[in-house]
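Contents: one structure, followed by commentary.
Because only heavy atoms are used, hydrogens play no part in the values below, and waters and symmetry mates are left out as well, while side chains stay in.
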Amino acid sequence: MFLDKRITIQTACLFCMLFFSVTIFAQQPADYVNPFIGTSNYGATFPGPIAPRGMASISPFNVAGPQNLPLEKDSRWLSNPYVNENTFLTGFSQVNLSGVGCPELGVILLMPTTGAVETNHLKYGSVYSNEIAKTAYYSVNIDKYNIKAEFTASKRVGVSKFTFPKGESNILLNLGLGLTNEEGAMVKVVSSSEIEGMRSVGSFCYNSPEDAYPVYFVAKFSKPANKFGVWKKPSKYEGTEAQWMTYNGKTRMMENTIKTVVGDSIGTYFSYQFDKPETVEVKIGVSYVSIANARENLEKETGNKSFDTVYKETYNEWNQELSKILAEGGSKDDKTIFYTALYHTLIHPNTLNDFNGEYPEIKRGKIGKTDGTRYTVFSLWDTYRNLHSLMSLVYPQQQSNMVKSMLEMYDENGWLPKWELNSTETFTMVGDPASIVIADTYLKGIQDFDVQKAYKAMLKGADQIENNPLRPGLKDYIEKGFLTTSDRGPVSTTQEYNASDYSISLLAKALGKKEDQERFKNRSLSYRKLFDKNLKLLRPRTADGKWYEPFDPVSGANFEENIGFIEGNAWQYAFMVPHDIKGLIKLMGGDKGFSNQLQKVFDIKQFDMANEPDIAYPYLFNYIKGDEFKSQEMVKKLVKEYFQNKPKGLPGNDDTGTMSAWLVYSMMGIYPISPGDPIYTITTPMFDKITIQLDSKYYKNKSIVIEREKNNDRKINKIELDGKTINSFFISHEDFVNGKTLKVIQN
């Protein structure tokens, strides 16, 4: 008896030890993030560190090496500072964009070297090895110099740590390299341990040079340099690559100067003489307002904190944000692609204001100030479809501040944003997407912003015919119901205006504005005038109302120019009217005709997972009773094919998190099928259990759980909310967040 008791106690102790061990070493959501995902296949992500919604970020810069000089601005590789296949490193840029299709930022390049100072990046560049990328951390060995480089970041400060071998060592700060289409910089060595300066950036997607603007910085070094200097060289060189490799003719080296130097291709060097291996940390604070603010950002956020302290703080912030969704079950790869996708949705829109609240107003005539967060990088043509809806569900306070940022832009600029970047309006892409985001946010119960101002701004964009930068061709749209071939992408743009008008009608209804509700609802259905009943596709019309000829429904795919469509063709836009699917079903001859035509998009390989217009298509089978299993099969197939735990593990450009948001929703088993409508459609979750933490400021419940009961791997047999059967594959946002458990049962 005593022996049995002792064994029981020992067994219990062993169990406790095992439980404690598992608990201690259990992976956190932040541990699953693989920042290399999307760094190939034109994903345009970068592997370096950034804080959630950070202003500063650090990326290895490997797109200006011996194999790709001179820098060809039209290369699709060059919308991002790093490509996984490339092998030649020329530095580490301190401000970067993630998942965009045009070159911008990628400037203020830090590079450690050894030996004599060399200012030609093609000479001082190096191959590299042993890359490690994880949440808030990146490291690499720079082979040419036997230097280990490590990086982390706070919200507005990049922190670098270089471990040098014994001997002469240097840290270069190159202001001539970058992805931006702009040139021009200023730098001053303040002391043997501090540099301040500015780099001009702008002209995103080759917009007017009038849109150039400065990014300011202050760099502080943990060890004072033995000597320092500034270089200045010609920024334009017309010779061959081989000639450039040996060119030194006009570079001016200014040693131990503390005067301000201005130029297109300038930089600084800090040199050290080490008697043994040594480590130097560099902190670079950035600001879009002033050098003084960059310095304050650096001091307030990182002060005397060590590299490890900054890393731990940023890691913990990421883990807190990523833990808002807890996924249970599934493989390690499943969790990796899921949490990396969630990570990518939390990069843009990102913080624009400094620590003191200051930010440049749009048009850059004044400095504004906020008590909250002023956000920037609103790639709205992409993100209105799913990313902002995800923010409203999981991060509603952030989404509220994003809407407030949009309204501040309206105050400053007279218009809601279209594709805003660091307080410049790029007017990239088509449509009036801000209206959709604002309506969607309000109708999901996030209403702590000035909705009357928002509504006024939406009406201005929708109704003002003259001098309207948001809606070119509005006169034709209002009078005819569609844009004509004299306008850019007339079919696509008509569909985008329809989607915005539908959202305005929904908000008008919520605000009791019945006349506007009816007017904009009617306007939202005008795509029907572009429907060719013989082809069962939308097609462009000329100014006199005739069908445009010749018409090729397949033309326009893969960024091919097309008279009717933007970044797509007739098949990829045929079903992009999610607000009127029932009407489209009638146009296509009923359920069978609709389902057959939708299936044909996939059968003839016209579905494009890598671009936005058709990314909701896999879910549209849910509108046809009996065909819902096709959505379940298609979503599962697309996730497996296009989203993987490898550098090419995105289908293409992440579009500031839009593709990643698609994956997050798809793996949870819900999708916001009609932007603006507070409705989700349901498919098979890819985890056993998903717990979404809800913000108590906006939602009454603490969480909502999505469970999968998998009796086999076949189609969904039953859907329950809190034990009650839902006889539909759709659920309202209100019912969803006010429930406790959504159970999807497969039989």
For Tyr665 and Ser389, test the side chains for any donor-to-acceptor distance below 3.5 angstrom and give the result as yes or no. yes
Under 3.5 Å: donor-acceptor pair, side chain of Tyr617, backbone of Gln572: yes
Flag, side chain of Arg708 to backbone of Pro685, donor-acceptor distance under 3.5 Å: yes
Do the side chains of Asp450 and Lys404 get close enough for a salt bridge, i.e. N-O under 4.0 angstrom? no
Could you walk me through whether Phe594 and Phe575 pass the ring pair (Phe, Tyr, Trp, His ring centres under 6.0 Å) test, one step at a time? CA-CA 9 Å; Phe594 175 90; Phe575 296 85; 5.2 Å; yes
Close aromatic pair by centroid cut-off 6.0 Å: Phe736 and Tyr680: yes
Among pairs that include at least one residue of residues 502-514, which meet side chain to side chain donor-acceptor pair (under 3.5 Å), considering only residues two or more places apart or in two chains? Tyr502-Asp677
Test ring pair (Phe, Tyr, Trp, His ring centres under 6.0 Å) applied to Phe565 and Trp571, Tyr548, Tyr573, the passing residue: Tyr573
Would you call Arg539-Glu549 a salt bridge at under 4.0 Å N-O? yes
If you look only at pairs with a residue in residues 596-608, which of them pass as a salt bridge (charged side-chain N to carboxylate O under 4.0 Å, His left out), with sequence neighbours excluded? none
Check the pair Glu641 / Lys637 against salt bridge (Lys or Arg N to Asp or Glu O under 4.0 Å), numbers first and verdict last. CA-CA 6 Å; Glu641 181 177 354; Lys637 176 178 178 289; 3.5 Å; yes
Identify the residue among Leu387, Leu380, Asn401 that makes a side-chain contact (heavy atoms from CB on, under 4.5 Å) with Pro349. Leu387
Is it true that the side chains of Thr45 and Asp654 contain a donor and an acceptor less than 3.5 Å apart? no
Side chains of Tyr384 and Asp440: do they bring a donor and an acceptor to under 3.5 Å? no
Identify the two heavy atoms, one from Pro618 and one from Ser631, that lie closest to each other, and give their separation to 0.1 Å. O-OG, 2.6 Å
Counting N and O atoms only, with roles assigned by atom type, does the side chain of Asn498 sit under 3.5 Å from a partner on the main chain of Tyr527, one being a donor and the other an acceptor? yes
Under 3.5 Å donor-acceptor, Arg714 side chain and Gln746 backbone: no
Taking the basic N atoms (NZ, or NE/NH1/NH2) and the acidic carboxylate oxygens, is any pair closer than 4.0 Å for Glu466 and Lys460? no
Keeping Thr441 on the side-chain end and Ser400 on the backbone end, is there a donor-acceptor pair under 3.5 Å? no
Which residues satisfy the side-chain contact (heavy atoms from CB on, under 4.5 Å) test with Asn96, sequence neighbours excluded? Phe46, Ser57, Ser59, Pro81, Ser93
Determine whether Phe629 and Phe621 satisfy the following criterion, ring pair (Phe, Tyr, Trp, His ring centres under 6.0 Å), listing intermediate values before the conclusion. CA-CA 8 Å; Phe629 73 95; Phe621 290 107; 8.3 Å; no
In short, Leu421 meets Thr426 closest at the heavy-atom pair CB-CG2, 4.2 Å
Thr683 and Tyr619: which non-hydrogen atoms are nearest, and at how many Å? CG2-CE2, 3.6 Å
Nearest atoms (heavy-atom pairs only) where Lys480 meets Lys529: O-NZ, 3.1 Å
Check for a donor-acceptor pair, side chain of Asn386 on one end and backbone N or O of Thr658 on the other, with a separation under 3.5 Å. yes
Polar side chain donor-acceptor pair, Thr681 to Asn622, under 3.5 angstrom: yes
Distance from Asn738 atom CG to Tyr699 atom OH, nearest 0.5 Å? 9.5 Å
Please give me the minimum heavy-atom distance between Met686 and Ser666, naming the atom from each residue. CE-O, 3.9 Å
Taking only residues two or more places apart in sequence, or in another chain, which ones meet Gln397 in a side-chain hydrogen bond (donor to acceptor under 3.5 Å, both in side chains)? Lys697, Tyr698
Asp432: what forms a salt bridge (Lys or Arg N to Asp or Glu O under 4.0 Å) with it, not counting sequence neighbours? Arg471
Contact summary for Val737 and Leu694, nearest pair of heavy atoms: O-CD1, 3.7 Å
Distance-only donor-acceptor check, side chains Asn413 and Glu425, under 3.5 Å: no
Only counting residues at least two apart or in another chain, list the ones meeting salt bridge (Lys or Arg N to Asp or Glu O under 4.0 Å) with Arg523. Asp463, Asp501
Consider ring pair (Phe, Tyr, Trp, His ring centres under 6.0 Å). Of Trp381, Phe204, Phe378, Phe427, which one does Trp419 pass it with? Phe204
Is there a donor in the side chain of Ser595 and an acceptor in the side chain of Asp627, or the other way round, less than 3.5 Å apart? yes
Just by distance, with hydrogens left out, do His388 and Thr383 show a side-chain donor and acceptor under 3.5 Å apart? yes
